[in-house]
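The figures here come from the full heavy-atom set of this structure, side chains too, leaving out hydrogens, waters and symmetry mates. Computed from a prediction, not measured in an experiment: that's the story for all the values here. Residue numbering restarts at 1 for every chain, and letters A, B, ... go by the order of the sequence lines.
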Amino acid sequence: MEFIHLLSLGDQGWGDEMLRATMVTIMVSISAMCIGLFVSIFGTIAKLSKNRLIRAIGNTYTTVVRGIPELLVIYLLYFGFNNAVMSIANSLFGYNQYIELPVFLIAALAVGIISGAYSTEVIRGAFLVVPRGQIEAAKSVGMNKFLVFYRVLIPQVLRYALPGLGNVWQLTLKDTALIMVTGLVEIMRQAHIASGSTYSPFTFYMSAAILYLVLTTASSMALNSAENWANKGVKREKA
Amino acid sequence: MITALKIKNLTKSFGSLDVIKGISLTANQGDVICIIGSSGSGKSTLLRCINLLETPDSGDVWVNEELISMTKNKAGDPCPADYKQVDRIRTKLAMVFQDFNLWTHMTVLQNVIESPIHVQKISKQNAIDRGYDLLKKVGINEKAEQYPSSLSGGQQQRVAIARALAVNPDILLFDEPTSSLDPELVGEVLRVMKSLAKEGRTMIVVTHEMGFAKEVASKVVFLHEGLIEEQGEAKEVFNSPKSERLKQFLASNLEG
Amino acid sequence: MITALKIKNLTKSFGSLDVIKGISLTANQGDVICIIGSSGSGKSTLLRCINLLETPDSGDVWVNEELISMTKNKAGDPCPADYKQVDRIRTKLAMVFQDFNLWTHMTVLQNVIESPIHVQKISKQNAIDRGYDLLKKVGINEKAEQYPSSLSGGQQQRVAIARALAVNPDILLFDEPTSSLDPELVGEVLRVMKSLAKEGRTMIVVTHEMGFAKEVASKVVFLHEGLIEEQGEAKEVFNSPKSERLKQFLASNLEG
Amino acid sequence: MSIDGICISLPKEYLGLKVQLMCDSLPKLLLGIPLTIELVAISLSIGFVLAMCIALMRISGSRLLNIVSRSYVFYFRGTPLLVQIFLIYYGLAQFDLIKESFLWPFFREAYWCGILALTLNTGAYTAEIIRGGLQSVPHGQIESARSMGMSGILLYRRVILPIAFRQALPAYGNEMILMVKGTSLVSTITLMEITGIARHIIAKYWTPVEIFLIAGIIYLFINYLVTRIVRYAENRYTPYLQTNE
Amino acid sequence: HNGPWTTVKIGTEGAYPPWNGTSASGQLEGAEVDLAMDLCARMSVECVLVAQDWDGIIPALQNGKYDAIMAGMSITSERMEVIDFSQGYATEPASFSTLSSSSVASLGVSGNVNLDLGPSADVDALKAALNGSVVGVQGSTTHENFVRDVLGSSVTLKTYDTQQNLELDLAAGRIDAALSDSGSMEGFIASGNGSDIVFIGPKLGGGQFGPGVGVGLRQSDSDLKDMFNKAINEARADGTLATHFTKWFGKDISM
Ligand SMILES: Nc1ncnc2c1ncn2[C@@H]1O[C@H](COP(=O)(O)OP(=O)(O)OP(=O)(O)O)[C@@H](O)[C@H]1O
Ligand SMILES: Nc1ncnc2c1ncn2[C@@H]1O[C@H](COP(=O)(O)OP(=O)(O)OP(=O)(O)O)[C@@H](O)[C@H]1O
Ligand SMILES: [Mg+2]
Ligand SMILES: [Mg+2]
C-alpha cells in the first residue's frame, strides 16, 4: 500500500510532518480565537456604544471583515501589516530598520481579526437577548451598574453566546487552512508541499481532510459539554 | 405615623406622548393602595417612576420622608443627582414584576439571597437562613434548589415576591403580578399577597383583580389618561363610582 | 334531531399514563357543552381525540352520525383507516386553540380563506366574500389586510374563530380559548362565542370561565382523572354539585 | 473622460499606496465579476436542490438515508472549503480509474471542479439551514392546519414550507455571502475570477496590498448587493417579522 | 540595513525541484539550497532559509521577511525595476512539453533557439503547432511572459501557483502543453509520475528568459549584492558551483 509508506513517520514518510503541522494548526487556531475574543470585547462595546462615531467604527469593522473573502484579509494582513508596523515605527520613533513579525504572529492575527468580527456579532447578539426585565429586576433590588453587569448580565451573556462562539471556533479552525499562503506550515500547507513533492495529491489532501474532521469533531464534543454545563437551569425545548 | 411614600406632581412623557400628567399620591405605613385603570392609562409607568426605572420629567418622590434628589444632565434631561442614593432607595422599594423576571441562571434560593449578599452585604449564612424563611412564607421552600424554568408561573411569581421581600423593603410595588398567570395559579399568588397585607406591609399594587382590591385595599386609585380620575376607599369606589369613566371601566371589567 | 357528535368508551394513554379512561358523550345539534376540570384531568386530550389530533387507543367517535373508522397499523397501534375521511371530517369539526395558532405568514384574510380555497376548493372570490363577512361577524374586518403578529391577543383569537367558521363546520371545538388572554381581552372573545351559541352552533368548549358556562352551556361536564365525574345542566352543576371533587374544584376556582 | 484619463489625474502614490496602479487595475478586476457571479449563481441553485434532497433524506425516517445525509453534512461542514477544492481538482486526478472513465471530461475542467466543490459545500450548509427552518415551524400552526383538514403535500406546500423558508431566510442570506467569498478560493485551481485576476496583476507589478484592496472593495460591494436583496426578500416575504427599528 | 551582515535570510519556494524542493523529512533541499549554504560560508554569515509561496516571493523580500531570493528566479528587466540581482549563477533553457499521446507531440524536438538573435523558424513552427491549444505555465514567471508575448491569443493560457501543480495537470491531461524550464520537467519525467511526457519544439533561451538565474536582492542592499557576487565568483572559480548543479540536475547548468 503506497499511502502507508507516504504517511509513515520518520524521514521517509510524511506522517510526522503532518502531525507536527496539526499541532501548528491547533496553536494558530487557539491563538486566533483568543485574539478574536479580545478584539470582540472592544467590537461589542463599540457596536453597543451610544456614541455614533464609535458605533460606526464597530459596524465598519464587522461589515468589512465579514464581507471580504478570508483569503484576501489574510493576504492583506500578511503583506500590508509589516509595512504598516514599519511606517508607524518610522513616523513615531524614527526607527527605519526592517521589523520582522514572526509568520506565526501574523497568521494568528489575520485569522484572529476575522474570528473577532464573527465573535463580536455573537456576543452583541447575546447581550441583546438577555431579557430586559432581568436587568430591571436587578436594578429594582438596588444593584448598581457594576453589580448588574457582573452578577446578572455577564453570566447570561456567556450562556447565550456559547453556542455561537462554538460556531466561531469551528470557523476559525477551518480558516487557518488559508494561512498556508503565508508560508506557515500548518496542515494545509504541509499537505500541499507533500502532495507536490510526491505527486500524490489525493493521499495528502484526504489526510488533511481527516485531520480537520478529527479536530472539528473533538472540539464540538468539548463544546457540547461546555454548553450543557452553562445551560444548567434552562429547560431544554421539547423536540 | 410615618409617610412611607409621597409623590408630588409627577409627570412623565415618552417623546410627544404625555403618559403621566401630574400625579400626587401619599401612602402611610401599612397602606395597601390598589391602582386600577384601563390599558395605557399609565399605571406601569407611574410605578416605574417611583423606583426610577423610568426617570420622571418633573415632580418629587419621597421614600420614608427622604426626597430622591434629581438634577439635569448635560443634555438638559432630568436624571438622579446621586446614583448611590437611588440604589439605596431601591432596596427600600422592592418591585414585583408582571412577568416575574427571575434570573434564569440562578436557583430559586440564589435568586432570593443575591441582593442581600451583594447589595446589602449580609453574611452568606444569614442570607441563606432568611432566604429559607421567606421561601417557606410563600410556600415554596421545597423548590429552593431548583432553577426558575422548572417552576410553574404561580410558583415563579411567589419566588419573585420572596426575592423582593429579601431586601427587607419598606414598600412593595406590584405591577399586575397575576396577569400573566393561568387562572388557576392566580389564587396562590393572591393568597401570599393577602397575607403580606395582613402583616401591615406598605404595598402599591397595580391590578385587575377587583376581588383582591375589594378585600385588602386601604385605598383604590383609578387612573385615566395619566391623571387620577377618582380615588377613595375600595367599597366606595367600586359600589358608588362617581365619574362616568370609572363606571364604564367597571362595567366592561366585570362583564368578562 | 341529529346527533352532531357521539363519543363512546373513548380511552387514551401516553406511555404508562392513562389520560382518558373511558368517556362517552353525546352532543345534539345546537348543544353547547362546557368541559371543566382541573389541570391534567384530560380535557385537552379529550378534545384532541375528537378530531384525531391524538389517535384514541380505543372507543368510537361519530360525527353527524358518521363513524370515524379506525384500524391498526403494522406495529399494532390504532390509526385511522382512511386518512381522506379524517381530513374531510376535520372540516366538519373546526377547532379553536388556546394560543390561536394563526399562520404568521398570512394576513388575517388569507388565514380565513386558506382552508375554504385549498381544502374545500371554493372559488377564491366566494371565499373572500365569505371571509369578509366572517371577519365582520367577529368584529375585526378592518384588520383583514394585517398580519396576525400586529394584533392583540383578543383580536387574534377572534380571527382564529373566524378561520374555524370559514370551513362551515358543524361543530366548533374550543380549547380554553380565553386563557392566554389578558383579562381585558377575554371579554371580546366571550362576546363572540356567546353570539355563536345564540345562533345555535354546536360547540364543545373547554373553559375556566364559569360565568360563560353558566350563561350559555346546555350541559356542563366535569372531568376528573380521565373520567366524567359529574355532568348536567349548568345551574345544577354549579349550584348543587354532588361529588366531593366538584365541590372542591368549584371552591378553589371561585376564590381567586 | 475615460478611466485612463481619471487614473492619470490621480497622484502616483498616497499613504504609501500606488494609487494610479490601483485605479488602472480596477477595470481589469471588474472583468472577473461575471465569472464570480456565475460560479455563485450556479452552485447556489444546484446546491439548494441538493440541500432539499439532503434535508428530506434526514427526515425520511429511513435509517440508511439518514446516515448518508448526516455523513455528507458532517464531512462538508467539518473540513475547509480549500481542502474540498484541492481534493476534487488535484486529488481525483491521481487515479487512473477516474482519468479513464466517462467522468473525466467533467473533472478535467477546473470550472466544473470548482462548481462541484462549491455546490457540495453550500449543499451541506443549506441542508442544515433548511432543517433548522423546518424545525422552527411552530407545532401549533401545523396542528391548526391539520384541524382544518389539511394534510400531506397540501400541508407542506401551504403552511410548513412557506413558514420554514421565511424563517430560514436570514441564515440563507449569510450562506449566500459565504459563497461569494468562497469563490475566491477557486483561483487556486486556475480559474480567473476576481481573486484569480488580482493574483495575476500582482504577479506582474508585485503590489499585493494595492490590488487586494481593490479586489476586497469589489467583493464588499457584491456582498452589499446580496445583503440588500436578502433584506428586500425579508421585507417582501416576512413583513410580520420586521421590527420598525 | 545598518552595520555588517551577520545573518542573511534567504527566501526560496521549496516547490521547484531540482532547484529547490522539500524532502520527506520536511526539510528544504535542492541545488539552490546547497549553493546557498556554500555561498553563506564564503561570505562568513549565518544563513537561514525561509519558504515562501512564489506569488509573494518578491513582496516578501521588499517587506524584509528575508534579504535574498534564491528560487530559480531568472534575471529580467521587468524584475530589475523592483528588485536587484546578483550576477547569474545558472542557466537552463525553457522548453515546451506535452503528453506523448497528444496531437502536438508530433511536432517533435528541434534545436536550441536564442531569442536575442531575432526571429526563428523553429519558434514559428511551434506557434503554428500550438495554435488553439491550452498551454500551462507557473504564474508570474519568464515562461508566462513568453507565452503572452510570443504566442499571445493563439493559445489559452493557464497559470499555476507552483511548478508541481503545473506538472500534475500536464500529466492529468488538463492542458495540452506546458512551458517550463527543462531541468524541472526532466526531474518530473524521471520521477516516474510523468513518464509519458515528452518535450516538443526548441530549447529556448535569451529574450524573455533573460540572461540566467541569479540571487534576487533589495535595491538598497548593494553591499549584500557585492558579497554575493564575490562569493559566486569564488564558487565558480573553484568548481563547486558546477558540482552543486551537476549533483541535482545530472548535468552542469551553472554559468
Ligand atoms: N418606554 C416607552 N417608550 C414609549 N412609550 C411608552 C414606553 N412605556 C410606555 N409607553 C406608553 O405609555 C403609555 C402608558 O403605558 P403603561 O405601560 O404605563 O400603561 P399601563 O396603564 O400599565 O397599561 P397596561 O395595563 O396595558 O399595562 C402607553 O401608551 C405606552 O405605549
Ligand atoms: N403528548 C403527550 N405526551 C405525554 N403526556 C401527555 C401528552 N399530552 C398530555 N399529556 C399528559 O396527559 C395529562 C392530561 O393532559 P391534558 O392536556 O389533557 O390536561 P388538561 O385537562 O387539558 O389540563 P390543562 O387544564 O392544564 O390544559 C397530563 O398529565 C399531561 O401531562
Ligand atoms: Mg402595565
Ligand atoms: Mg388543556
Side-chain angles (χ1 to χ4, degrees), chain A residues 2-3 25 63-84 86-87 121 167 170-171 173-178 180-181 187-188 191-192 195-196 198-217 219-220 237-239, chain D residues 15-17 36 71 74-95 98 135-136 139 174 177-178 180-188 193-195 198-199 202 206-224 226-227:
Chain A
E2 171 71 7
F3 73 90
T25 291
T63 314
V64 168
V65 171
R66 291 185 313 147
I68 295 184
E70 288 78 3
L71 190 65
L72 293 199
V73 176
I74 291 170
Y75 267 130
L76 279 172
L77 258 125
Y78 178 54
F79 292 119
F81 199 67
N82 253 27
N83 288 355
M86 280 178 344
S87 57
E121 290 297 325
N167 288 341
Q170 305 271 6
L171 209 80
L173 198 58
K174 286 182 277 172
D175 277 350
T176 60
L178 304 180
M180 66 176 286
V181 299
I187 297 177
M188 199 59 203
H192 193 247
S195 79
T198 63
Y199 300 105
S200 307
F202 186 84
T203 314
F204 286 101
Y205 292 132
M206 199 48 162
S207 316
I210 291 170
L211 286 171
Y212 280 113
L213 277 182
V214 168
L215 293 183
T216 46
T217 312
S219 45
S220 74
E237 298 217 354
K238 278 183 214 153
Chain D
L15 290 175
L17 294 176
T36 296
S71 317
F74 172 73
Y75 178 81
F76 281 95
R77 285 177 18 121
T79 55
L81 176 57
L82 189 61
V83 179
Q84 293 157 17
I85 291 174
F86 279 9
L87 250 176
I88 289 174
Y89 185 76
Y90 290 119
L92 291 182
Q94 185 180 329
F95 300 104
I98 288 179
Q135 276 176 351
S136 71
H139 192 63
N174 283 339
I177 289 175
L178 287 180
V180 172
K181 297 197 289 174
T183 55
S184 70
L185 299 184
V186 299
S187 65
T188 57
E193 40 63 76
I194 300 170
T195 306
R199 292 172 132 184
I202 290 162
W206 311 104
T207 48
V209 176
E210 284 84 349
I211 306 300
F212 282 137
L213 264 179
I214 296 290
I217 292 171
I218 296 177
Y219 279 108
L220 208 55
F221 183 70
I222 296 178
N223 282 332
Y224 170 76
V226 172
T227 318

Below 30° counts as parallel, above 60° as perpendicular, anything between as tilted: where do the rings of A/F202 and D/F95 land?
perpendicular
Can you tell me how far the CZ atom of D/F221 sits from the CD1 atom of A/I68, to the nearest 0.5 Å?
14.0 Å
Pairwise salt bridge (Lys or Arg N to Asp or Glu O under 4.0 Å) hits with a residue in residues 66-80 of chain A, at least two apart:
A/R66-A/E121, A/E70-D/K181
Can you tell if the side chain of A/P201 reaches within under 4.5 Å of the side chain of D/F86, non-hydrogen atoms only?
no
Just give me the residue among A/L71, A/D175, A/T176 that pairs up with chain D most often, heavy atom to heavy atom, under 4.5 Å.
A/L71
Mind running side chain to side chain contact (heavy atoms under 4.5 Å, CB included) on A/T217 and D/F74 for me, showing each step along the way?
CA-CA 9 Å; A/T217 312; D/F74 172 73; 3.1 Å; yes
Let's test your reading of the structure: which of D/V209, D/L87, D/V83 forms the most heavy-atom pairs below 4.5 Å with chain A?
D/L87
For the residue pair A/Y75 and D/P208, establish whether any side-chain heavy-atom pair is separated by less than 4.5 Å.
no
I need the residue from A/L76, A/T216, A/L171 with the largest number of non-hydrogen atom pairs under 4.5 Å to chain D.
A/L76
Is D/Q94 close to A/Y199 at the side-chain level, that is, under 4.5 Å between some pair of heavy atoms?
no
Of the backbone (N, CA, C, O) and the side chain (C-beta and beyond), which part of A/S220 lies under 4.5 Å from a heavy atom of chain D, both, or neither?
neither
Using non-hydrogen atoms only, which part of A/M188 is less than 4.5 Å away from chain D: side chain, backbone, both, or neither?
side chain
Non-neighbouring partners of A/L211 that pass side chain to side chain contact (heavy atoms under 4.5 Å, CB included), sequence neighbours left out
A/M18, A/T22, A/I187
Under a 4.5 Å heavy-atom cutoff, which of D/T183, D/L213, D/I177 has the most pairs with chain A?
D/L213
So which of D/T195, D/N223, D/V226, D/T79 has the largest heavy-atom pair count under 4.5 angstrom toward chain A?
D/T79
Can you tell me how far the CG atom of A/L72 sits from the CG atom of D/L220, to the nearest 0.5 Å?
10.5 Å
